[in-house]
Each structure stands twice: as C-alpha cells, then as structure tokens.
There are 2 protein chains.
Amino acid sequence: MTSVKGMSSRALQAEHTRQQILQTAQRLFVERGYDATSLQLIADEMGLTKAAVYYHFRVKSELLHATMKPGIERINAVADEAAALRGRRARIEHVVSGVADFLVENRHYAVMAATDPAAKRHDMDKETSDLRERILTLFYGDNPTATQRLAYAAVAGIPDSLPELVELSDDELREALRETMLRILRV
Amino acid sequence: MTSVKGMSSRALQAEHTRQQILQTAQRLFVERGYDATSLQLIADEMGLTKAAVYYHFRVKSELLHATMKPGIERINAVADEAAALRGRRARIEHVVSGVADFLVENRHYAVMAATDPAAKRHDMDKETSDLRERILTLFYGDNPTATQRLAYAAVAGIPDSLPELVELSDDELREALRETMLRILRV
DNA sequence: GTCTATATATAGATAGAC
DNA sequence: GTCTATCTATATATAGAC
C-alpha cells in the first residue's frame, strides 16, 4: 500500500505528510477516542489546516481505517503462519507469541483498536471481528465450548488493560502476557 | 438516591420521566457510544424535546454518571462483603460470584461502562478505577506480581466480549463466567 | 414540569485560489 | 500540494413562555 520507490520528490513529501497526519491522529484517537477527536484538533496539533488533512484523507473514517490497517494485517499474517502448523498447542503458542510481541510494540494503540465504539461502527468492525473469529476457529475448531469461548474472550480483553501496566518493562510485559494468555487458553 | 416515599404526585411523575430518560440514554450509549449519542437523539426516541431532558439533567455527562452509578455501588457493596472475609480464596470466590451475577443481569450495559472512551474522561474514571484497584488489593495485597496483575487485567477485560456470547443463556453464561474467572484468578 | 425558540460553538466537508 | 473561505448540519446549552 505504501510504495515508496519511483516516486517524485513531491509524492514523497506527500507520503511523509500523510504518515505524520496518521501518527497524530492515532495518538489522539488513543488519548481521547475517535469521536472526541475532531479534524480541527488533528490539524491544530500539526500546525496544518483541516483542508490539508482532507487532501490526504477523503473522510474522517479513512483515518481510523488507515490507523488500524497495519495491525490487522500483521496479526492476519501471524494467523496464516499458525494455520500452517499442526496441533492446537502449536497454533496457540504461535499466535500467543505473535500477539504478545505486537502488543508490546503497540502498548497504547492496541487499547483503542480493541475498544473504541467508533471501531465497532464503520466497516472496520468486519475485518477485526473476522480476524478474531478466524483465530478462535484455528484454536478450537468450529464448535468451541462456552468455556473455550470465554477463555478466548478473556484473552481478547487483555489489551483493554494495558494502560494499567505502564510500570512493567517491555520484557516483563511480554513474558507476563505469554504466560497468562497460554494458561488461560489451555482449556 | 432515588427516594420515592413522601413525594408529591408531581414529583413522582418527574422521577418516572427521569428514570425513562436514563433508560433510553443507557441503551443508546451501549448501542452507539456516549460521544455519538446526542441529546437530540435521546429526546427524539422518547418523543420529548432536548429542553425536557435538560430539565432533569444539567449537563450531558450527568447522564453518563447517573447511568453508571448503580453498577458501581453494587460492585462496591460486593467488595465490602469480600473485605469482611478471611483468606484470598474466599474473597476471590465472593467477588467472582457477585460480578458474574451482575454481568449476567447487565450483559449489554457492562460493555459500555468498561470500554467507552467517554467513561475514561470525566470524573467517572476515578470511581471505577478506584474500585478496580480496591478489588485488586483485596485479592493480592499491596504488591501484586506482574502475573497476578495481568490475570486480574484479563478478567477485567471479559465484559468487553460479552456481546459475542449472546447465544449463551443466562445460566450458561453465569457458570462459564464463574469458572473462567476463578481459574484465571488462582495464581 | 415541559415546551418554543434561540444562542453559540463546532463538527465534517467542499470549492476554488494560489 | 496546501490554503482561504465557506457551506451545512448538528452539537450542547439557555431563556423565557405556558
């Protein structure tokens, strides 16, 4: 999506601005939530105008979409790898590792992606819930028990609580995440 | 808070309207999120005017506060009871039962209370996070390990996933909740 | 106690100059 | 590619009639 090679210097500048807007938007979405983040605010924080933001993103929801896309793609790739493995245990371990790494690298962002009401509206809904459903099936097959589903739900809810664990180092967090997720998912 | 005895019939009518507004607001907050729910929408759904809503609630955030208050009080009461018990195991079991009952009775509402960005702004933040912190201490003392905190976080994140478990009956959900929370919290 | 009418601010979005 | 200017809709909130 973000091809850089063979672009004019003007196009490169545009891509740079686009990325900066995305970064600012992402930070504000995390801090205040999507609905409470206006385009005006995003523009002000960057010393741009609303119109400049609109040049790069046609509608506000495109910012949300673009913000979440890399994460979804990355976890989908992890799921691809897990699907190629044999055995529940191996699959669970692979996904748990991949997700733990991802969460550690995106400690703040992941919260918003998992909980913001705006993400439940818009089409984003489908991509994330498809991904969740896909991994659930990968783990427990087509007919998971209530207990399995709830265990999965508990793990899926962990990102929600990452802000409360700020005082853990990356390594501590990753280890605790792996350990806890594995323990919960072995049902 | 909602004393009824000894009120004039006019005051009773007002209290009734107030409760109806609260119910409608609560439903819409759950469906669309707080920020995406306008007072206009609330009024329209009830066949009232915005001004009528403003008569009962001075500012919009008061609706959010009033909506969440009963739940917070109820879980605080459960925590009170647990604090009177001796032993980690007994305390965990008591809180888990109380919370499971509460979640089953408020399947949809609890999600919003746990995740809406608007709840993280406003003063509501403090009351809920105090409650969470209080129960964590009740369970694991003043210096919980990383694993204990993450286990607690996982459990706290469960409400987030209740909507995906609609097809479970109340009894199935309560049992699965109790079982899963207990298993996770025994660390 | 509830409404009409309105104030005021700000949202998302677009057209067109530069 | 970025800005000025502006449109339109809708937000929260208030004053005052009934």
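As a basis for the values below, the full set of heavy atoms in this structure was taken, side chains included, without hydrogen atoms, waters or symmetry mates. The chains referred to below are lettered A, B, ... by the order of the sequence lines, with proteins before strands, and numbering in each begins at 1.
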Novice: Whole angstroms only, please: what is the OH-C1' distance between B/Tyr54 and D/dA13?
Specialist: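 Those two atoms, OH and C1', are 5 Å apart.
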Novice: Could B/Arg183 and B/Glu179 be called an ion pair, given the rule that one side-chain N must be under 4.0 Å from one carboxylate O?
Specialist: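 Looking at B/Glu179 together with B/Arg183, the answer is no, because their closest N to O distance does not fall below 4.0 Å.
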Novice: Using a cut-off of strictly less than 4.0 Å, decide whether A/Ser38 has a side-chain nitrogen or oxygen near OP1 or OP2 of C/dT10.
Specialist: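 Result: no.
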Novice: Figure out the NE2/P separation between B/His16 and C/dG1, and round it to whole Å.
Specialist: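 Value for this atom pair: 15 Å.
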Novice: Could you state the atom-to-atom distance from CG of B/Asp44 to P of C/dC3 in whole Å?
Specialist: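 So the CG-P distance, B/Asp44 to C/dC3, works out to 12 Å.
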Novice: Verify the neighbour count for atom CZ of B/Arg186: are there more than 12 heavy atoms of other residues, nucleotides or ligands below 6.0 Å?
Specialist: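 Atom CZ in B/Arg186 is packed in, count exceeds 12.
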Novice: Can you measure A/Lys60 atom NZ to D/dA11 atom P for me and round it to whole angstrom units?
Specialist: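 Answer to the nearest Å: 13 Å.
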Novice: Remember a base hit wins even if backbone is also touched, and classify B/Ser61 as base, sugar-phosphate or nothing at under 4.0 Å, heavy atoms.
Specialist: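 No contact.
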Novice: Among the nucleotides C/dA11, D/dC3, D/dA15, which one has an atom lying closest to any side-chain atom of B/Ala51?
Specialist: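 Looking only at side-chain atoms, B/Ala51 lies closest to D/dA15.
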Novice: Has B/Thr17 got a side-chain N or O lying under 4.0 Å from the OP1 or OP2 atom of C/dG1?
Specialist: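 Checking B/Thr17 against C/dG1: no side-chain N or O falls below 4.0 Å of OP1 or OP2.
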Novice: Rounding to an integer number of Å, can you tell me how far B/Arg18 CZ sits from C/dG1 P?
Specialist: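 The distance from CZ of B/Arg18 to P of C/dG1 comes to 13 Å, rounded to the nearest Å.
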Novice: Nearest nucleotide by nearest heavy atom, which residue falls closer to the 5' end of DNA chain C, B/Ala14 or A/Leu39?
Specialist: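 Final value for this comparison: B/Ala14.
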Novice: State, without any angle test, whether A/Gln19 and A/Glu15 hold a side-chain donor-acceptor pair at a distance under 3.5 Å.
Specialist: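 Checked: A/Gln19/A/Glu15 side chains pair up, N/O donor to acceptor below 3.5 Å.
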Novice: Take atom CZ of B/Arg58 and atom P of D/dT12, then tell me their distance rounded to the nearest Å.
Specialist: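 Atom-to-atom, B/Arg58 to D/dT12, this comes out as 18 Å.
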Novice: Just how far, in rounded Å, is C1' of D/dA11 from CZ of B/Arg32?
Specialist: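 Between C1' of D/dA11 and CZ of B/Arg32: 13 Å.
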Novice: With a 4.0 Å cutoff (strictly under), does any side-chain N or O of A/Tyr55 reach OP1 or OP2 of D/dT2?
Specialist: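 Result: no.
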Novice: Check the phosphate of D/dC3 against A/Thr49, side-chain N and O only, distance under 4.0 Å to OP1 or OP2. Yes or no?
Specialist: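 Indeed, a polar side-chain atom of A/Thr49 lies that close.
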Novice: Calculate the interatomic distance between A/Tyr34 atom OH and C/dG12 atom P; express it in whole Å.
Specialist: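 Atom-to-atom, A/Tyr34 to C/dG12, this comes out as 8 Å.
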Novice: If you check every side-chain atom of A/His56, which of C/dT2, D/dA13, D/dT2 has the closest atom?
Specialist: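 When the side chain of A/His56 is considered, D/dT2 is the closest of C/dT2, D/dA13, D/dT2.
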Novice: So for atom CZ, which belongs to B/Arg88, do other residues, nucleotides or ligands contribute more than 12 heavy atoms lying within a distance under 6.0 Å?
Specialist: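 Buried by this count: over 12 neighbours within 6.0 Å.
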Novice: Give a yes or no on whether a salt bridge exists between B/Arg134 and B/Asp80, defined as a side-chain N under 4.0 angstrom from a carboxylate O.
Specialist: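 Between B/Asp80 and B/Arg134 there is a salt bridge, with a charged N closer than 4.0 Å to a carboxylate O.
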